[in-house]
Amino acid sequence: MAEHDLHEYSRALVTDIQALADAEGGSIPNTFTQHVLEILEEAGVITDAALAYHSSRGLEIYGYGLPEDGSSLDLYTTDFNLTPSSSKLTKAESDRLFRRVFAFLGKHGAIRPNQEDNTDVHDMCVAVEKALPDVPKIRLFLLSNRVSTTSAPEPTVFEGVPVTYELWDLARLHRHETSGSIGEPIKVTFERPLPCLAAHSDEPNYSVVLAVIPGLQLAELYKEHRTRLLELNVRSFLQTRGGVNKGIRETLLSAPSRFLAYNNGVTATASDVDFETDEVGSPVAIRSMTGLQIVNGGQTTASLHHVLTRDKRDLDGVHVQMKLTIVDPAYLSEIVPRISQYSNTQNKVTLVDFSSNHEFHVAFERVSRSLWAPAADGSGQETRWFYERARGQYTDKSVEYETRAAQRKFKLITPTRQRFSKSDLATFVHSWEQLPYWVSRGAQKNFAHFMERIEKSDPVVDVQYCKRAIATALLFQAADRVARKHSAGSHKRLITTYTVARLSFAAEKRIDLDRIWNEQGTTDALRDALDELCPLVMETVISSDRHVSEWAKKVDCWDEVYRIPWTLPDALTAELTTEPFEIASPESTESDEAEAAVEDIPSEEWRALADWAREGRVLRSVDRQLAERVAQRLSQGRRVIGAQARQAMEVYEEGLRQGFHPVPVGLDHETA
């Protein structure tokens, strides 16, 4: 990498972290830690990361992570320098920092009694104590904005549990941020070369080989690399709910030797393959692969891992056919989507395409970059919002300007605070769409669900769509500032998404997003409402008898939050629009059908459904309240549209399944 590029990246990183720390009122090292953890979480390197700083003699830790599947326990520490170019991170320094975070493993039990309940450090101690007896491995991360002169230490053990070390220094972060892909290339070496059959090709940019890979090896690959192995896959693994996944699991459990016959196998790509060849130079076995990606067969891969780790079944005798395409990296974006599309024969593709080249992101980038945001600070200077469709685009764009003056002008017109990524967009929209429990599950899972909804709704990404989506960003940022004012601490993001969702719920999505865009900010009435609502949300989400991060991921948490007895202040009610703002999609055929079905059911029947559900304590409270809102809207002559109509019909149909018998209202009226 060019020294100039690395220097510019380092300088920009320090500036950004200082600005974020100042805006959020946090410490610079904590802000840097959070920034890097979000990058790694979006990349699928880590999941469920939380900040929790503690320092004592011989010990320093900045946070922890405990993935839902229990695959590892992660501990984080940080080295941040305001003048990173003045020195390098030496081996002695990195070893010392790793020792200090390692020390937490042995001392957490003594630290816990001295921490108040419901503090970040107390939660961390409890989580580590519960995880250690069963966790298969421990990962220690050192995050630094200096260039390291050494690599991470060799693996060790703690009380019989393997411990590995991850060093993310400035150079590695820079490679990651500017690579244009989600993660570093995955390299796989086969101890026993994998026999293969090569197909002749005259194409200069790709070639194809066929192989059979042991199921255990594929499961182990997924265990090590997780979603990074599926970055270019068009699917998101939905546990064992779908019919295909249940079939895969059933075959693995009951007839593993027949798996090769029953399963369609996987389609993979790699950027480079090292072959064993025969006497005429034809490939006969694969020694290693670089840049491996499973572009079709993600459900097969993850199901193998599930059976190995959750069902504790031996995968000996399980084999999986693999079609491997060796693709020149320059042609990945062109060839891989077609491979994914044409090789998909298992069932309808309606889930996430993790590639940045998905048509939704391409369209959102194109339209949003054409927008000029109105001047909001009295300077008369219009600005742009910068959507990072691919990682590092903002930095790349900035360094295109050769002079400092040109770079300053770029950042004046496109300020850092108006840069947002794909996962940020998912957070903003899902908060507005009242899905805070998805946002709370982390960037990777929330983004996957966002793309699943995009695939189903196929929105028209036009100027109006982009303006309103960015307006949800402004609303989220306003709520974030309020949460910081109320000392939400490391739970601030959780409190912010729940506050926005609760506000959206109370306002029935009728907050004027067009006005927020035009004014590039929120009104006094809206800020006052957020200020009034936020402490009430905090009381529910941050509860002394629950692990906050885990509680916030549950639908039950949202059920409690929207039941908070709170109504919109009159000042904000006066600003509401007549119809709600639906960001998810324009009206689709599915929505049209649902809207018509809702209107065919009298308001009295919706009211009866809500009363029946309340009296018998059937249906979720959120569903009962939805039935009440539908009854109210219909009685006022107002329409129920979009996602709300679809959800309402799902509630109605569930009521029928649970024993609700609608009264023939019209007939009763005639009899009376």
Side-chain angles (χ1 to χ4, degrees), residues 1 3 5-7 9-14 16-18 21 27-41 43 45-46 49-65 72-108 111 121 124 128 135 137-159 161-179 183-185 187 224 228:
M1 81 186 63
E3 286 297 325
D5 291 344
L6 186 61
H7 175 74
Y9 173 74
S10 174
R11 188 174 61 83
L13 181 61
V14 170
D16 289 351
I17 296 302
Q18 286 179 306
S27 74
I28 288 178
N30 274 344
T31 302
F32 171 72
T33 305
Q34 183 65 52
H35 174 75
V36 177
L37 292 181
E38 288 175 359
I39 290 172
L40 298 185
E41 187 164 355
V45 176
I46 63 174
L51 284 183
Y53 179 77
H54 180 74
S55 176
S56 59
R57 183 179 177 84
L59 184 154
E60 187 172 42
I61 185 170
Y62 277 80
Y64 69 104
S72 68
L73 167 64
D74 302 335
L75 303 180
Y76 314 113
T77 192
T78 288
D79 164 69
F80 187 85
N81 196 305
L82 287 173
T83 56
S85 58
S86 63
S87 65
K88 293 189 176 182
L89 180 65
T90 65
K91 183 179 188 303
E93 287 177 304
S94 65
D95 286 350
R96 180 181 63 85
L97 290 165
F98 274 123
R99 282 197 303 272
R100 288 171 66 83
V101 70
F102 185 95
F104 181 79
L105 291 169
K107 297 181 179 180
H108 69 277
I111 294 170
V121 176
M124 177 169 63
V128 171
V135 74
K137 67 178 177 181
I138 300 168
R139 300 190 299 174
L140 306 184
F141 288 76
L142 170 55
L143 318 175
S144 176
N145 74 325
R146 291 191 289 168
V147 173
S148 174
T149 61
T150 185
S151 56
E154 291 297 314
T156 56
V157 296
F158 175 78
E159 297 182 352
V161 182
V163 179
T164 60
Y165 298 82
E166 291 261 1
L167 175 55
W168 284 81
D169 70 338
L170 181 72
R172 189 175 182 184
L173 287 171
H174 179 255
R175 283 198 307 272
H176 177 79
E177 290 265 50
T178 58
S179 67
E184 295 181 325
K187 183 168 184 178
E224 180 178 357
R228 289 186 58 229

With heavy-atom distances below 4.5 Å as the criterion, would you say the side chains of L37 and F141 are in contact? no
Could you state the interatomic distance from CZ (F102) to CZ (F158), rounded to the nearest 0.5 Å? 6.0 Å
Atom pair CZ (R99) and CG (L59), whose distance is rounded to the nearest 0.5 Å: 13.0 Å
L75 CG to H108 NE2 distance, which is reported to the nearest 0.5 Å: 10.0 Å
Does a side-chain N-to-carboxylate-O contact under 4.0 Å join K137 and E224? no
Over all atoms of both residues, closest heavy-atom pair of L167 and S148: CD2-OG, 3.3 Å
Would you say I28 and L82 make side-chain contact, with heavy atoms under 4.5 Å? yes
Ignoring hydrogens, what is the shortest heavy-atom contact between P162 and V157? Give both atom names and the distance. CA-CG1, 4.2 Å
What is the ring orientation for F32 with F80, classed by angle as parallel under 30°, tilted 30 to 60°, or perpendicular over 60°? tilted
Run Y9 and L173 through side chain to side chain contact (heavy atoms under 4.5 Å, CB included) and show every step you take. CA-CA 10 Å; Y9 173 74; L173 287 171; 3.6 Å; yes
Checking V161, T164, V163 against T156 for side-chain contact (heavy atoms from CB on, under 4.5 Å), the one that qualifies is V163
Going by atom types alone, do Y165 and E154 pair a side-chain donor with an acceptor below 3.5 Å? no
Nearest-0.5 Å distance that lies between atom CG in L105 and atom CG in L73: 6.5 Å
Pair L143, T33 - check side chain to side chain contact (heavy atoms under 4.5 Å, CB included), show working. CA-CA 7 Å; L143 318 175; T33 305; 4.1 Å; yes
Would you name the heavy atoms of R100 and S56 that are closest together and state the gap between them? NH2-O, 3.9 Å
So which heavy atom on N81 is nearest to which on V14, and how close? O-CG2, 4.1 Å
Rounded distance [0.5 Å steps], CD1 in I111 versus CE in M124: 7.0 Å
Could you tell me the separation between the CG atom of D16 and the NE2 atom of H35, rounded to the nearest 0.5 Å? 7.0 Å
Minimum heavy-atom distance K91-T150, with the two atoms named: CA-CG2, 3.5 Å
Do Y62 and Y76 have ring centroids that are under 6.0 Å from one another? no
Among T90, D79, T83, D169, whose side chain to side chain donor-acceptor pair (under 3.5 Å) with R146 holds? D79
Between T77 and L97, which heavy-atom pair has the shortest distance, and what is it? CG2-O, 3.9 Å
Under 3.5 Å: donor-acceptor pair, side chain of S72, backbone of I138: no
Close side-chain approach of I46 and R139, heavy atoms under 4.5 Å: yes
Just wondering, do L142 and L140 contact through their side chains at under 4.5 Å, heavy atoms? no
